[in-house]
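Keep in mind that the numbers below use all heavy atoms, side chains included, and drop hydrogens, waters and symmetry copies. Note that the coordinates shown come from a computational prediction; the quantities given were computed from them, not determined experimentally. Labels below follow one simple rule: chain letters A, B, ... track the order of the sequence lines, proteins then strands, and each chain is numbered from 1.
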Amino acid sequence: MSDRRSFYITTPIYYVNDKPHIGHAYTTIACDVLARFWRMDGRDVYFLTGTDEHGQKVEKSAEAAGMDPLAFCDLQSAKFRELAAAMNISNDDFIRTTEPRHIAASQAIWQALEKAGDIYLGSYAGWYAVRDEAFYAEDELTKGPDSRFVAPSGAPVDWVEEPSYFFRLSAWGDRLLAFYDAHPDFILPPGKRNEVVSFVKGGLKDLSVSRTTFKWGVPVPGAPDHIMYVWLDALTNYVTAVGYPDKQAELYQRFWPADLHMVGKDILRFHTVYWPAFLMAAGVEPPKRVFAHGWWTAEGQKMSKTLGNVIDPYELIASYGLDQVRYVLLREFPFGNDGDFSRKSVITRINGELANGFGNLGQRTLSFIAKNAEGRLPEPGRLTEADQALLQHVYGLLPAMRSEMASQALYQALQLWVEAVNAANRYIDSEAPWSLRKTDPERMGTVLWVLAEAIRCLALIIHPVVPQAADRLLDQLAVDSTARSFAAIGTSGALKGGTLLPAPAGIFPRLQDPVAAA
RNA sequence: GGCGAGGUAGCUCAGUGGUAGAGCAGGGGAAUCAUAAUCCCUUGGUCGGGGGUUCAAAUCCCUCCCUCGCUACCA
């Protein structure tokens, strides 16, 4: 575990030209679970998300919509903010790259790079296809009929040159490799680290960091006809939010360097090559870790607008329930892998582990107490070996899950929780309180207390993943809202016998199996 | 082409030298507190092909086949 108690975690800032989809929901939920987990564990957490609003595409989209770019961004950014709210995301801030604080921070980082001598004016030259609005590398081109080069799309290309500022990335290769070497966990999962290292080892070219062909961006200080390259602008959001360039700012002191930038694998290079190079050049400490997660397919197929199979997060929530979606997204495959979203598999998972596993464990225990103990939690008698084994299992869940969470092993962490739920279900069957009711009511009371206590801890530790359901269950156990942190896991926070419990109600309804209709 | 990851039960995957594992699916049974949920037992695999090292290989070496990533400036 980190030697300090603060934890700064970020999602990527989402590009306002996109429509929010399951990929955005996935990244944000994973971060939210980590943020909530460490918060409940007593760490000082700062959780940032937001929107990336500059660039040519946004300028064009706004124009196509007949809108001012900023008005367009206001509208689109709000959609991401609404999605975060709909997913019960506990972010501490929501940053927009069009905010004055961010423009100031971006210009400040530019000036720091310039002052360090890592920026120079040159010209950017390449084969450009006007029709595609894109540059192509020479080896992508083929000879057209009139012996002119044409792009893979068939568009004719021209050799163009425009003035551009460059960042001396080529000078940073060795220092980046040394940095990766000194921080073996900077890039996770390990396979991604290898990709980045081999990329950097292949040699780096200087990076064009300004544009003159469009206007929607942060103006380059002292060169008003240039705007900053979008990635330099976008990445800077992570320091803007904690007060950069004011390194004495309270948030900056508390939270920089960031503990974790969560990213999709498509933007790994920007975060693990360009970003640490920019920061080191600007005299700012790089973040501690970048984690690249995988992609979802839908029913075995790649999601795409043209296939029309892009999964809408709002539909997911409506179909399965919010907490169920949060859980299943992190539980279908190991975090960092790619995986498939299939309706059948998701329903099996939710029914098996949440409805039948944990939900039913709560329901069978609490309704038994309601019917056979007058709704009052029994006082425990002397604990048997089986009682202690179950309690030790659930009490031991915290250190075990903490260690998985520290390496973003969300799937493995949830696996540990599922195993504990299963152990509790085995316990109730082998102790059979329904038999004890007639033969040994006192022992029955102890068993019920042990179960309630185990359920309390299971609910607390799964709270970051399924906050609403966990709270409902804790309500049913009459656990005070002030006792809902990981510090309460263990005997010191144990339930008191004799407490009157409210009427039980299921927390995870069983979902209907999908109809095999076409 | 180069570099990298991977090919293990019907499905998803764990297992990196010592008698093949889990979950789900399939089969049988127990129990009846519970959201017909739970618990127990069980069928099922020449561990991609071939060769080699070793007393012993899914695990190490060689080779071949297949799949997937990365191989820089739209984000």
Side-chain angles (χ1 to χ4, degrees), chain A residues 12-18 52-60 124 126 132-135 137 139 164 166-167 169 189-211 214 229-234 264-270 273-274 292 294-295 300 331-334 337-340 342 344-345 348-349 351-372 411-412 415 418-419 421-437 444 447-448 451 504-511:
Chain A
I13 46 174
Y14 300 119
Y15 200 49
V16 288
N17 222 36
D18 294 337
D52 180 13
E53 311 189 3
H54 289 133
Q56 189 167 25
K57 282 196 177 181
V58 175
E59 189 178 79
K60 296 263 182 200
Y124 184 47
D132 300 343
E133 294 171 8
F135 281 92
D139 58 11
S164 169
F166 282 81
F167 171 71
L169 186 64
K192 298 296 175 195
R193 172 193 160 83
N194 294 340
E195 281 181 10
V196 173
V197 168
S198 73
F199 172 78
V200 174
K201 277 186 176 162
L204 297 172
K205 289 193 258 180
D206 288 349
L207 187 68
S208 163
V209 287
S210 74
R211 297 288 186 271
F214 60 97
Y229 171 49
V230 273
W231 271 106
L232 177 51
D233 157 9
K265 60 182 182 179
D266 54 332
I267 55 175
L268 183 63
R269 176 183 307 142
F270 301 102
V273 180
Y274 301 170
W295 292 137
R331 181 62 186 143
E332 275 296 89
F333 56 86
N337 292 6
D338 288 342
D340 182 51
S342 94
K344 185 165 178 285
S345 169
T348 299
R349 177 76 65 182
N351 281 345
E353 296 179 359
L354 293 181
N356 303 344
F358 188 53
N360 186 51
L361 171 69
Q363 182 71 354
R364 66 196 301 206
T365 301
L366 291 168
S367 69
F368 199 95
I369 292 172
K371 288 175 190 167
N372 300 289
Y411 172 88
Q412 287 83 349
Q415 176 67 34
V418 167
E419 284 164 8
V421 169
N422 293 343
N425 269 319
R426 279 197 298 277
Y427 170 88
I428 191 171
D429 272 297
S430 66
E431 298 304 316
W434 44 92
S435 300
L436 294 168
R437 176 177 50 187
M444 175 193 81
V447 168
L448 293 176
L451 280 164
I507 52 164
F508 293 117
R510 191 178 161 74
L511 299 173

Distances for protein N or O near nucleotides 38-41 of chain B N or O, under 3.5 Å:
{"residue": "B:rU38", "atom": "O2'", "partner": "A:Arg364", "partner atom": "NH1", "Å": "3.2"}
{"residue": "B:rU38", "atom": "O2'", "partner": "A:Asp429", "partner atom": "OD2", "Å": "2.2"}
{"residue": "B:rC39", "atom": "O4'", "partner": "A:Asp429", "partner atom": "OD2", "Å": "3.1"}

All salt bridge (charged side-chain N to carboxylate O under 4.0 Å, His left out) counterparts of A:Asp266, not counting sequence neighbours
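Salt bridge (charged side-chain N to carboxylate O under 4.0 Å, His left out) list for A:Asp266, sorted by chain: empty.
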
Could you check whether any side-chain N or O of A:Asn425 sits under 3.5 Å from a backbone N or O of A:Gly357, counting only pairs where one atom can act as donor and the other as acceptor?
yes

Output yes when a side-chain donor or acceptor of A:Thr365 lies under 3.5 Å from a complementary backbone atom of A:Gly362, and no otherwise.
no

Considering every strand and a 4.0 Å limit on heavy-atom distances, what is the contact class for A:Gly191: base, sugar-phosphate, or nothing?
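Contact class for A:Gly191: none.
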
Would you classify A:Arg437 as touching base, sugar-phosphate or nothing, given that sugar-phosphate means primed atoms plus P, OP1 and OP2, and contacts are heavy atoms under 4.0 Å?
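Contact class for A:Arg437: sugar-phosphate only.
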
Rounded to the nearest Å, what distance is computed from the [atom1] atom of residue [X] to the [atom2] atom of nucleotide [N]?
X: A:Phe368; N: B:rU35; atom1: CZ; atom2: P; result: 13 Å
X: A:Leu268; N: B:rU71; atom1: CG; atom2: C1'; result: 14 Å
X: A:Asn337; N: B:rA5; atom1: CG; atom2: P; result: 15 Å
X: A:His54; N: B:rA75; atom1: NE2; atom2: P; result: 13 Å

Given B:rC73, B:rG69, B:rU35, the nucleotide with the shortest approach to the side chain of A:Glu195
B:rG69

Output the single nucleotide from B:rG69, B:rA34, B:rC74 whose closest atom is nearest the side chain of A:Lys57.
B:rC74

From CA spacing to verdict: side-chain hydrogen bond (donor to acceptor under 3.5 Å, both in side chains), A:Gln415, A:Arg331:
CA-CA 8 Å; A:Gln415 176 67 34; A:Arg331 181 62 186 143; 2.7 Å; yes

Do the ring planes of A:Phe270 and A:Trp231 sit parallel (below 30°), tilted (30 to 60°) or perpendicular (above 60°)?
parallel

